2 protein chains.
Amino acid sequence: MRNEVYQYGCPVEATLDVIGGKWKGVILYKLLEQPRRFSELKRELPTITQRMLTLQLRELEEDGIVHREIYKEIPPRVEYSLTDFGKTLKPILLAMLTWGDQYTNQIITRKSAQATTSASIAESARR
Amino acid sequence: MRNEVYQYGCPVEATLDVIGGKWKGVILYKLLEQPRRFSELKRELPTITQRMLTLQLRELEEDGIVHREIYKEIPPRVEYSLTDFGKTLKPILLAMLTWGDQYTNQIITRKSAQATTSASIAESARR
DNA sequence: CAGTATCCCGTGTGATACTG
DNA sequence: CAGTATCACACGGGATACTG
């Protein structure tokens, strides 16, 4: 997805290439509210690894979505914020937020049902 | 992403879990216009493999986003369309479409620049 | 036409340890 | 605090061949 000839079949594809990373949605959502320090993000996303947080932030930075401000202090402080370009994503993020809010439960229910179904299928196949 | 405990850190995550697949954006975009046959989709997405098209459609179907209508004919005909639930994604897809339309070029430019940069870095590292 | 079935490889991601 | 550096591996995804 990342290292290829950058030609998209449709605009939606391009958009998803930018915000579609595993953690990017949540990160952007957090940064939408306000800038955050690295450690803040880490704390608010308990299940992300440090490595992944760094990588995803770097990609967003390379795509011009987030800005990385380094304060030369000891101990070091780094603050991430949305660039003006990044802020243009706001309508999309809000739309996803609204949708998610309304339908997350439905999705979870459905996926759990699938999980148990596949589990029982796998089980019966084992007999 | 797919086979885990379905608990999301934020609603945006849930949304991306549903529409974030590699080809789902484009597929949904096509189905937004009108229902399509399998072969139509295949034709309109020249670079997708048959296997991937099937898999992504199945996932969308399992998530209740698309409906699969089988016409018992010979030769077989299968038509995919958005369910009512799938249509609730419309605002998101349109937002992504708009954004992509406006900024795809910018993204491509930036990514190409990165690509050449990393290429030259890789090259100089080789020496 | 609309799919399965295999095989197989790349890379995305996690775990862990180290550092300016 | 805010990162790199490695290792190790599952899984997403491509290529190809077969089928009702």
Side-chain angles (χ1 to χ4, degrees), chain A residues 1-5 9 13 16-27 30-31 35-62 66-81 115 118 121-122 125, chain B residues 1-5 9 13 16-27 30-31 35-62 66-81 115 118 121-122 125:
Chain A
M1 221 178 215
R2 290 242 129 214
N3 291 313
E4 54 181 46
V5 183
E13 218 178 325
L16 277 175
D17 198 24
V18 171
I19 62 171
K22 179 167 184 183
W23 303 96
K24 289 182 185 173
V26 218
I27 293 174
K30 294 295 179 187
L31 294 183
R36 314 265 171 152
R37 300 182 55 169
F38 185 86
S39 52
E40 285 178 317
L41 286 171
K42 182 74 189 70
R43 199 174 323 118
E44 300 183 84
L45 281 48
T47 60
I48 196 174
T49 61
Q50 199 163 18
R51 171 190 145 89
M52 269 303 108
L53 181 54
T54 304
L55 285 178
Q56 300 274 297
L57 283 169
R58 287 292 179 284
E59 290 191 1
L60 290 169
E61 198 187 347
E62 284 176 0
V66 311
H67 170 68
R68 179 166 173 250
E69 183 73 34
I70 308 169
Y71 297 89
K72 293 251 169 183
E73 307 171 356
I74 295 187
R77 183 157 68 97
V78 177
E79 214 169 67
Y80 293 91
S81 56
S118 359
I121 289 174
Chain B
M1 221 175 211
R2 290 243 129 215
N3 290 314
E4 53 182 46
V5 183
E13 217 178 325
L16 277 175
D17 198 24
V18 171
I19 63 173
K22 179 166 186 185
W23 303 95
K24 290 182 185 174
V26 218
I27 293 174
K30 295 293 180 187
L31 294 183
R36 316 263 169 154
R37 301 182 54 169
F38 185 87
S39 52
E40 286 177 316
L41 286 171
K42 181 76 189 68
R43 199 175 322 118
E44 301 182 82
L45 281 48
T47 59
I48 196 174
T49 60
Q50 201 163 17
R51 172 191 143 87
M52 269 303 111
L53 182 53
T54 305
L55 286 178
Q56 300 274 299
L57 283 169
R58 287 292 180 283
E59 289 191 1
L60 289 170
E61 198 189 347
E62 284 176 359
V66 311
H67 171 69
R68 180 167 172 250
E69 184 72 34
I70 308 169
Y71 297 89
K72 293 250 169 182
E73 307 171 358
I74 295 188
R77 184 158 68 96
V78 178
E79 216 168 65
Y80 292 91
S81 56
S118 5
I121 290 173

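Here the structure is a predicted model, which is why all the values come from computation and not from measurement. Below, chain A is the first sequence line, B the second, and so on; all start at residue 1.
Atom P of nucleotide dA2(C) and atom NZ of K72(B) are separated by 15 Å, given to the nearest angstrom. K24(A) places its NZ atom 14 Å from the C1' atom of dT13(C), with the value rounded to the nearest Å. In this structure, the CZ atom of R77(A) is 13 Å from the P atom of dG3(D), given to the nearest Å. In this entry the distance linking CD of Q50(A) with C1' of dG3(D) reads 6 Å, nearest Å. Distance I70(A) CD1 to dC1(D) C1': 13 Å, rounded to the nearest Å. As rounded to whole Å, 14 Å separates atom C1' of dC9(C) from atom CE of M52(B). Here dG3(C) presents its P atom at 10 Å from CZ of R37(B), a figure rounded to the nearest Å. Atom CG of L55(A) is separated from atom C1' of dA5(D) by 12 Å (rounded to the nearest Å).
A donor-acceptor pair is defined here as one N or O able to donate and one able to accept, closer than 3.5 Å; such a pair exists between the side chain of K42(B) and the backbone of I48(B).
The side-chain heavy atoms of K22(B) and M52(B), taken from C-beta on, include no pair separated by under 4.5 Å. Side chains of W23(A) and L16(B) form no contact here, defined as non-hydrogen atoms less than 4.5 Å apart. Inter-residue side-chain proximity for L57(B) and R68(B) is flagged as unmet; no heavy-atom pair is nearer than 4.5 Å. Put simply, the side chain of E40(A) does not reach to within 4.5 Å of the side chain of E79(A), judged on heavy atoms.
Which of dG3(C), dA2(D), dG14(C) sits closest to the side chain of V78(A) comes down to dA2(D). The side chain of R68(A) lies closest to dG3(D), out of dG3(D), dC1(D), dG3(C).
One finds a side-chain N or O of S39(A) lying less than 4.0 angstrom from the OP1 or OP2 phosphate oxygen of dA2(D). Of the side-chain N and O atoms in R58(B), one or more sit less than 4.0 angstrom from OP1 or OP2 of dT4(C). Residue K22(B) places at least one side-chain N or O closer than 4.0 Å to OP1 or OP2 of dG14(D).
Contact annotation: side chain of R51(B) to base of dG14(D), donor-acceptor pair present below 3.5 Å.
Across all strands shown, dG20(C) forms a Watson-Crick or G-U wobble pair, both distances under 3.5 Å, with dC1(D).
If you check every strand for non-hydrogen atoms under 4.0 Å, Y71(A) touches nothing.
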